[in-house]
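Here's the structure, in structure tokens; my notes come after.
Order of listing sets the numbers, starting from 1, for every ligand and every atom in it. Below, each value reflects all heavy atoms present in this structure, side chains not excepted, and no hydrogens, waters or symmetry copies.
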Amino acid sequence: MKRFRVLKKSGIFICTLFLTLAAGAAVQAKDVGDYTDVHPGDWFYRTVADVSEKGLMTGTNETTFGPARNLERGQLATILYRMAGGSDTEYTYIFPDVADGMFYSVPVTWAYQADVITGYNDGTFGPGDKITREQLATMLYRYAEKFGMDTSASGNIYEYPDGNSVTDFARDAVSWAVGSGIIKGDKGNINPQGDVSRAVCATMIARFIAPPSAAPSVTGALHVDGGRLCGSDGTGVQLKGISTHGLAWFPEYVNEDCFRQLHEEWKVNVIRLAMYTAESGGYCTDGDKEALKNLIRKGVAYAKNQDMYVIIDWHILSDCNPNMHRNEAKEFFAEMSAEYADEKHVLYEICNEPNSGTGWGEIKSYAEEVISVIRAHDEDGVILVGTPNWSQFVDEAATDPITGYDNIMYTLHYYAATHTDDLRNRMAAALDKGLPVFVSEYGICDASGNGAINEEQANQWMELLDNRGISSVAWNLSNKAETSAILKSSCHKTSGFEESDLSDSGKWLYNMLTGERRQTGSDEKEKEEDSGESEDGNTLTSGDIRIQASIKNSWEEGGKKVYQYELVLKNMADRACTSWEIAIPFHSDITLSSGWNGNYRVDGKVLHITSKEYNGKIPAGGTASDIGFIVKGGDGIQF
Ligand code: IDC
């Protein structure tokens with residue numbers, strides 16, 4: 001399977017060790033809340049919080065982080081120096097442009113001596129110079145090598161349209177960075193010579209030092225603290241996984257090979273076992289209770305063997321009010337919690353989706369009874385409670401949460417083609433009130449579990465969940481002929497799935513879980529320019545089109561400089577365009593040697609380019625790339 005490779009994580013344990021050793025150095029944690037230019041909804045919020053809490057990046061001053069500002073070489077030396085624990089390096093004169101007494105003086109000395117960052121050929125260091133994405137990858141790679149971290153991860157850079165523009169010196173490092181998930185792409189490209197903003201740097205560094213993803217063997221028994229799901233060491237964990245379809249209808253996917261593949265290849269760390277209570281074959285209707293419980297037992301065992309968490313889901317749906325089968329629920333959870341009291345990987349979901357007007361008060365009183373039954377056996381297992389209106393009204397739970405018990409979370413379910421901003425706002429409001437939220441079911445199609453997929457909304461949801469560290473479980477593991485099923489209905493395998501077996505929902509899920517969600521799960525969402533603070537030196541705007549220009553090559557010809565440029569065009573308008581026209585001003589007259597993927601015309605210092613028939617259409621916010629030209633003279637673009 002071409003794209004189904006197992007990504008090897010870099011040597012994260014070793015890195016964490018260095019962070020702990022950093023105690024002696026001048027590393028000071030910083031609270032992300034102190035920054036006036038970083039807000040909870042920002043795409044970089046969580047990663048800036050991570051690197052700040054660890055004291056690796058501490059802001060451009062007391063109250064600003066400067067997310068859109070370019071990362072400078074002196075700053076990077078300082079970050080790596082702090083990461084390495086500071087050591088007792090003393091300032092040594094090495095570079096004429098690195099005097100003693102600057103914040104980066106000792107770090108640069110260290111970085112040079114440690115062979116992590118070298119100087120320029122002319123003997124200077126350039127502490128205030130910008131860093132490119134491939135340079136950052138290279139420095140992290142050298143750091144990893146220097147400290148004996150595992151650098152064996154290797155991604156295929158040629159899967160990216162601009163993979164072959166990675167400079168020779170950086171190729172190994174970039175392929176490692178891609179393979180280990182440190183670089184996820186910039187609008188679908190590697191953009192190796194692109195600048196690195198401080199927000200992007202925070203993101204890459206956070207990925208570099210990220211703890212291994214949550215798994216029972218690593219993060220142990222879960223608990224809830226400060227509104228977040230946490231591992232046994234108290235740090236936040238985020239689970240991502242998949243739900244079975246109704247166990248009675250699709251029991252065949254509860255098998256060890258399937259769970260193994262989901263964990264090893266798909267990076268799933270939680271499986272939800274959905275047991276309908278009322279539908280045909282339901283636990284409280286005509287279902288075979290023992291057979292259903294045995295399926296759950298198998299699922300719990302396989303999940304444990306494969307080092308995943310597992311959710312036992314009492315899947316109410318057509319029985320709209322959980323009180324309808326309250327006694328059965330109490331009996332069922334008494335039995336399950338007695339069996340699993342000592343298992344650290346089991347979570348209980350006590351009512352999938354109350355609906356049809358069932359109010360929070362009714363759910364709460366049901367929950368209190370069932371929770372007390374569970375707590376009689378299992379003192380601390382995490383319990384997920386459904387919320388009104390098909391588990392959407394988390395805000396109602398937030399105003400009146402269950403008290404008297406620990407480790408309770410509230411579920412929010414969404415289907416991205418149906419639920420958008422309104423539900424996201426509802427969730428954000430509940431989170432802001434401190435409610436622990438768990439997305440125990442979502443789909444990227446509509447709420448019927450069918451209909452068209454809305455990837456854009458799906459990605460927006462996932463971005464918010466990632467930013468807030470919220471766990472999520474996708475619906476559903478089956479080959480049923482419905483959009484939400486991750487397998488095509490023609491696929492009859494129950495494990496060993498290949499790319500060609502996956503439905504569109506399945507492909508999206510696989511890409512999201514394995515970090516290959518390039519377009520939107522990118523390193524940078526370019527939101528900086530909204531703030532007007534962008535210090536990008538290589539972008540200009542022509543009408544609605546924002547042009548990012550980079551020099552791919554340059555040489556001399558007949559005493560004149562020749563430049564090969566490559567452009568990425570972004571449609572900044574809120575509607576798609578069907579053709580485009582841009583004008584690029586140079587500092588002096590130019591002659592055009594060649595141009596591709598556009599119609600070119602030179603007018604003195606200005607190069608005019610219009611779209612070809614095949615690349616005129618750019619969606620709102622979308623980009624067109626692979627446009628480039630070679631010009632003689634010009635002395636550079638007037639940015
Ligand atoms: C759907 C299944 C579908 C099944 C139906 C039963 O996808 O095959 O016939 O249930 O009524 C939910 C529910 C979940 C639904 C899913 C899609 O939790 O049981 O599954 N959905 O409709 N809430 C919102 C959507």
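- Between the side chains of N450 and T483, a donor-acceptor pair is found at a separation under 3.5 Å.
- Note: no N/O pair closer than 3.5 Å links E279 and ligand 1 by distance alone.
- In this structure, the protein non-hydrogen atom closest to atom 2 (C) of ligand 1 is H245 NE2, 3.5 Å.
- Of the options W249, F332, W475, a ring pair (Phe, Tyr, Trp, His ring centres under 6.0 Å) to H315 is made by W475 and by none of the others.
- Look at K480 and you'll find a heavy atom under 4.0 Å from some atom of ligand 1.
- The shortest contact between atom 5 (C) of ligand 1 and any protein heavy atom is with Y276 OH, 3.9 Å.
- The backbone N or O of I350 sits less than 3.5 Å from a side-chain atom of Y366, completing a donor-acceptor pair.
- Under the 4.0 angstrom criterion for non-hydrogen atoms, W390 is not in contact with ligand 1.
- With a 6.0 Å radius and a threshold of 12 heavy atoms from other residues, nucleotides or ligands, K617 has its NZ atom at or below the threshold.
- For ligand 1, the polar-atom distance check against N476 finds no nitrogen or oxygen pair separated by under 3.5 Å.
- The shortest N/O to N/O separation between W249 and ligand 1 does not fall below 3.5 Å.
- By the 4.0 Å N-to-carboxylate-O rule, K240 lies close enough to D466 to be salt-bridged with it.
- Under 4.0 Å from ligand 1, not a single heavy atom of S318 appears.
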For the pair R297 and E335, evaluate salt bridge (charged side-chain N to carboxylate O under 4.0 Å, His left out) and give the outcome as yes or no after the intermediate values.
-> CA-CA 11 Å; R297 291 182 180 112; E335 195 175 345; 3.1 Å; yes
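- For W475, every heavy-atom contact with ligand 1 shorter than 4.0 Å involves the side chain, none the backbone.
- Looking at I383 and L347, their side chains never come closer than 4.5 Å, going by heavy atoms from C-beta outward.
- The environment of NZ in K298 is sparse: at most 12 heavy-atom neighbours from other residues, nucleotides or ligands sit within 6.0 Å.
- Between R207 and D50 there is no salt bridge, since no side-chain nitrogen of the basic residue lies less than 4.0 Å from a carboxylate oxygen of the acidic one.
- The distance criterion of under 3.5 Å between nitrogen or oxygen atoms is met by E482 with respect to ligand 1.
- Interface atoms of ligand 1 facing N352, defined by a heavy-atom separation under 4.0 Å, are 18 (O).
- Which parts of ligand 1 touch S448 is read off a 4.0 Å heavy-atom cut-off, strictly below it: atoms 17 (C), 22 (O).
- Nearest-heavy-atom check against atom 18 (O) of ligand 1 across H419, E441, Q392 picks out E441.
- Every atom of ligand 1 is numbered from 1 in the order shown, and the set under 4.0 Å from a heavy atom of H315 is 13 (C), 14 (C), 18 (O), 19 (O).
- For atom 24 (C) of ligand 1, the nearest protein heavy atom (residue, atom name, distance) is Y415 CE1, 3.1 Å.
- Residue L317 places no N or O, backbone or side chain, under 3.5 Å from any N or O of ligand 1.
- The number of heavy atoms from other shown groups lying within 6.0 Å of CD (E328) is above 12.
- In summary, of the residues considered (E264, H345, E256), a side-chain hydrogen bond (donor to acceptor under 3.5 Å, both in side chains) with Q306 occurs for E256 alone.
- Here N450 has no heavy atoms under 4.0 Å from ligand 1, in either its backbone or its side chain.
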